[in-house]
There are 2 protein chains.
Amino acid sequence: MKISELATKSQINAKTIRYYEQVGLLSAPQRASNGYRHYQPGDVDTLIFIRRCRELNIPLDDIKRLVEVQADPNASCAVVDKIIAEQLAQVQRAQRELALLEQSLQTLASCSGEQVDQCTILHKLKAP
Amino acid sequence: MKISELATKSQINAKTIRYYEQVGLLSAPQRASNGYRHYQPGDVDTLIFIRRCRELNIPLDDIKRLVEVQADPNASCAVVDKIIAEQLAQVQRAQRELALLEQSLQTLASCSGEQVDQCTILHKLKAP
DNA sequence: TATTGACCTTCCAGTCGCTGTAACCTTTAG
DNA sequence: CTAAAGGTTACAGCGACTGGAAGGTCAATA
């Protein structure tokens, strides 16, 4: 199939698919005589897998390793475990940071329409 | 004062200060005869203000508007209000997304050391 | 047959907020 | 005199795309 069909089936932008090939996440497909990329049905599965990983915010480098590990049936899945655990830890870290951020923003409250020299938000931003 | 003194006092990297000038967040300072940037004491306050905003994850473009608004005492602080409210909304949105992400990652659980063809994580990633 | 329009190709630039590096000049201390 | 520390510019890279330009290819229609 051509790239747009793969894009539709995998729900990944054709441009992004080319990008994945460029950075080595996706292996280069065969080319037709006109230079068009020609993909196999299995590529749909690979891309859907990649998309699910991206939805979990897993970095492309890690996804690359996950794809490689799948190609080697003798590999230990400790690698997989580690990547997911680290991703989880990172998400939890980000959550804690955002919670603090939210608190700080909320203490600024709103100052509803006065002039800037009396703006309570700006006041607090200058000397918190 | 020279840039490194400003950097120390404002707790912002000298490189970052030059970058802020480059993108128009900070106005260009006077130059000494040797070409060195020469800053006024007030610049410390401006940069501290900028740093506080950045700690709240406020984008540079928005900070730019906050700085401009402060220079104009007749401006309404509705602008300020809006920027902070949007920032808060965005942080809350990000938090909700991360919470979903965390859930998804946790359902993957760990598969502790089997071989990849039986890896429960990879299984779930292929068909969630 | 000519041409339109959809699709494909490559390459380059931009996003955001810095940070690293290189190459060079000036000042200060020993 | 020399070396270290600090200043200057310009350019590249990060991550994960996305947009655009400029051009080749293909199928259908006037």
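In what follows, every heavy atom counts, from backbone to side chain, and hydrogens, waters and symmetry copies are set aside. Protein chains get the first letters and strands the later ones, always in sequence-line order, with residue 1 at the start of each.
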Non-hydrogen atoms of Q87(A) and P59(A) that approach each other most closely: OE1-CD, 3.7 Å

List for me each residue that meets side-chain contact (heavy atoms from CB on, under 4.5 Å) alongside S110(B), sequence neighbours excluded, and say none if there are none. D81(A), S112(B)

For E86(A), what residues pass the salt bridge (charged side-chain N to carboxylate O under 4.0 Å, His left out) criterion, not counting sequence neighbours? K82(A)

For A14(A) against A7(A), the heavy-atom pair lying closest together: N-CB, 3.8 Å

Reading DNA chain D in the 5' to 3' direction, which nucleotide is the first one with an atom under 4.0 Å from a heavy atom of chain A, and which is the last? dA16(D) to dC26(D)

Can you give the donor-acceptor pairs under 3.5 Å from side chains of residues 34-46 of chain A to other protein atoms, not counting sequence neighbours?
| from | atom 1 | to | atom 2 | distance (Å) |
| --- | --- | --- | --- | --- |
| N34(A) | OD1 | Y36(A) | N | 3.0 |
| R37(A) | NE | E21(A) | OE1 | 2.7 |
| D43(A) | OD2 | Q40(A) | N | 2.9 |
| T46(A) | OG1 | G42(A) | O | 3.3 |

Is there a side-chain contact between L66(A) and F49(A) (heavy atoms, below 4.5 Å)? yes

Near DNA chain D, which residues from residues 2-30 of chain B have a heavy atom under 4.0 Å away? K2(B), I3(B), S4(B), K15(B), R18(B)

Throw together a table of side-chain donor-acceptor distances under 3.5 angstrom for residues 118-128 of chain B, partners on residues two or more places apart or in other chains.
| from | atom 1 | to | atom 2 | distance (Å) |
| --- | --- | --- | --- | --- |
| K124(B) | NZ | T107(B) | O | 3.1 |

side-chain contact (heavy atoms from CB on, under 4.5 Å) involving A94(B) - partner list, sequence neighbours excluded: L98(A)

Answer whether the closest heavy-atom distance between the side chains of Q106(B) and Q92(A) falls below 4.5 Å. yes

Applying side-chain contact (heavy atoms from CB on, under 4.5 Å), name anything that partners T16(A), two or more places apart in sequence or on another chain. I12(A), N13(A), Y20(A)

Tell me, do I17(B) and S10(B) make a side-chain contact under 4.5 Å, heavy atoms counted? yes

Is there a side-chain polar atom (N or O) of N34(B) under 4.0 Å from OP1 or OP2 of dT27(C)? yes

Listed in order of residue number, which residues of residues 44-66 of chain B have a non-hydrogen atom at under 4.0 Å from DNA chain C? R54(B), P59(B), L60(B)

Side chain to side chain, L60(B) and Y19(B), heavy atoms closer than 4.5 Å: yes

Tell me the side chain to side chain donor-acceptor pair (under 3.5 Å) pairs involving residues 51-65 of chain B, sequence neighbours left out? R51(B)-E55(B), D62(B)-R65(B)

Per the under-4.0 Å heavy-atom filter, residues of residues 86-95 of chain A near DNA chain D come out as none

Show your working on salt bridge (charged side-chain N to carboxylate O under 4.0 Å, His left out) between E97(A) and R93(A) and close with a plain yes or no. CA-CA 6 Å; E97(A) 269 176 39; R93(A) 227 177 302 130; over 6 Å; no

State yes or no: do L100(A) and I84(B) share one hydrophobic cluster built from I, L, V, M, F, W and Y residues joined by side-chain heavy-atom distances below 4.5 Å, directly or via other members? no

Can you give me the bend angle of the helix from dT1(C)-dA30(D) to dG30(C)-dC1(D)? Use the axis through the first five pairs and the one through the last five, nearest 10 degrees. 40°

